[in-house]
Novice: 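Before we start, here is the structure in question, set down as structure tokens.
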Amino acid sequence: MLPLFRAVLVWVVILVTVILPRLTPHQEQSVSVAVTQLSAFDRNSVVQQAVNQRIQAAQMAQVQSWSLELKQGLANYEAQKQAEAAAQAEAAAISARSNHPGPPADIAKDITDAFSPLGSAAVQWAMNVAWCESRYHPNSVNSDSGASGLFQFLPSTWSGTPYANQSPFDPRANAFAAAWLYSHYGSGRWVCQG
């Protein structure tokens, strides 16, 4: 959250100190049609004024674009944080029903996203198995069997999932592969049940 706040603060300072002072309210200059001759100085002034107006319009458009982009980025960030908080709350509720602590927010979100379509019992089962298999550590490796990742996939099992082209150490891919395996073959593929 702190890096995002710094970025917003920097953009606000740039906007207030550099861009906005250069932008003045749009003032239209009327040129009399009756004037048939302009001195070279007057022609240059009119051309320069038109150029300045185009530059000013382009700067305003850029500022509006940045503002819109910043608002969208903040909205996306807030939505992501709310989703993580919801997953963390669900993980905390599940861990309250279990004999182990809940996972970190990002791991909880990955497991919840993967297993939610299969029902709340599947989410509870997945939290228990991930705790039992790896203690929620996505980089865990069993030195005896070679099983790795959040749900401790054997290399031969991992290669048979739709996520085989991704790393088994990617917690999101590992959770979705576990959900896929659970939905196709049930819970019997894991010895450790939590």
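Side chains are part of it too, since the values below use all heavy atoms of this structure and drop only hydrogens, waters and symmetry mates.
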Novice: If I take atom CE from residue M60 and atom OG from residue S65, how far apart are they, to the nearest 0.5 angstrom?
Specialist: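 Result: 12.5 Å between the selected atoms.
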Novice: Please identify each residue that fulfils side-chain contact (heavy atoms from CB on, under 4.5 Å) with P104, with sequence neighbours left out.
Specialist: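 D106, I107, Y136.
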Novice: Heavy-atom distance under 4.5 Å between the side chains of F153 and L181, does that happen here?
Specialist: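 A side-chain contact exists here, since the closest heavy-atom pair is under 4.5 Å.
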Novice: Mind checking what makes side-chain contact (heavy atoms from CB on, under 4.5 Å) contact with L74, not counting sequence neighbours?
Specialist: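 In terms of side-chain contact (heavy atoms from CB on, under 4.5 Å), with neighbours along the sequence ignored, L74 is linked to L4, V8, L70.
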Novice: Please report the interatomic distance NE2(H137) to CH2(W131), rounded to the nearest 0.5 Å.
Specialist: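 Nearest 0.5 Å value for the NE2-CH2 distance: 7.5 Å.
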Novice: Using the side chain to side chain donor-acceptor pair (under 3.5 Å) rule, collect all pairs that involve residues 145-172, keeping only residues at least two apart or in two chains.
Specialist: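 Checked against side chain to side chain donor-acceptor pair (under 3.5 Å) - neighbours excluded - the pairs reaching residues 145-172 are D110-R172, D113-R172.
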Novice: Out of the candidates V141, N174, L150, only one should pair with F169 under the side-chain contact (heavy atoms from CB on, under 4.5 Å) rule; please name it.
Specialist: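 Exactly one option meets the side-chain contact (heavy atoms from CB on, under 4.5 Å) with F169, and it is V141.
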Novice: With no hydrogens and no angle check, do the side chains of N52 and Q48 hold a donor and an acceptor under 3.5 Å apart?
Specialist: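 Result is yes, a qualifying pair exists.
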Novice: Only counting residues at least two apart or in another chain, list the ones meeting side chain to side chain donor-acceptor pair (under 3.5 Å) with Q72.
Specialist: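 Testing Q72 for side chain to side chain donor-acceptor pair (under 3.5 Å), a comparison that skips the adjacent residues, returns N76.
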Novice: Shortest non-hydrogen contact from P155 to G146?
Specialist: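 Answer, listing the atom of P155 first, then G146: CD-O, 3.7 Å.
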Novice: Is the shortest distance from a Lys or Arg side-chain nitrogen in K81 or E84 to a carboxylate oxygen in the other one below 4.0 Å?
Specialist: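 A salt bridge links K81 with E84.
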Novice: Measure across S140 and S134 and return the closest heavy-atom pair with its distance rounded to 0.1 Å.
Specialist: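 Looks like OG-O, 3.4 Å.
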Novice: Can you name the residues that form a salt bridge (charged side-chain N to carboxylate O under 4.0 Å, His left out) with E69, not counting sequence neighbours?
Specialist: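 Not a single residue meets the salt bridge (charged side-chain N to carboxylate O under 4.0 Å, His left out) criterion with E69.
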Novice: Who are the side-chain contact (heavy atoms from CB on, under 4.5 Å) partners of A126, not counting sequence neighbours?
Specialist: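 With neighbours one apart ignored, the set is I111, F115, F151.
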Novice: Please report the closest heavy-atom contact between W180 and G160, naming both atoms and the distance.
Specialist: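 It is CH2-O, 3.5 Å.
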Novice: Please tell me whether L68 and V63 are part of a single hydrophobic cluster in this structure, the criterion being side-chain heavy atoms less than 4.5 Å apart.
Specialist: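 As far as the 4.5 Å side-chain criterion goes, V63 and L68 are not connected within one cluster.
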Novice: Which atom pair, heavy atoms only, marks the closest approach of A108 to M127?
Specialist: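 Here A108 and M127 meet closest at O-CE, 3.9 Å.
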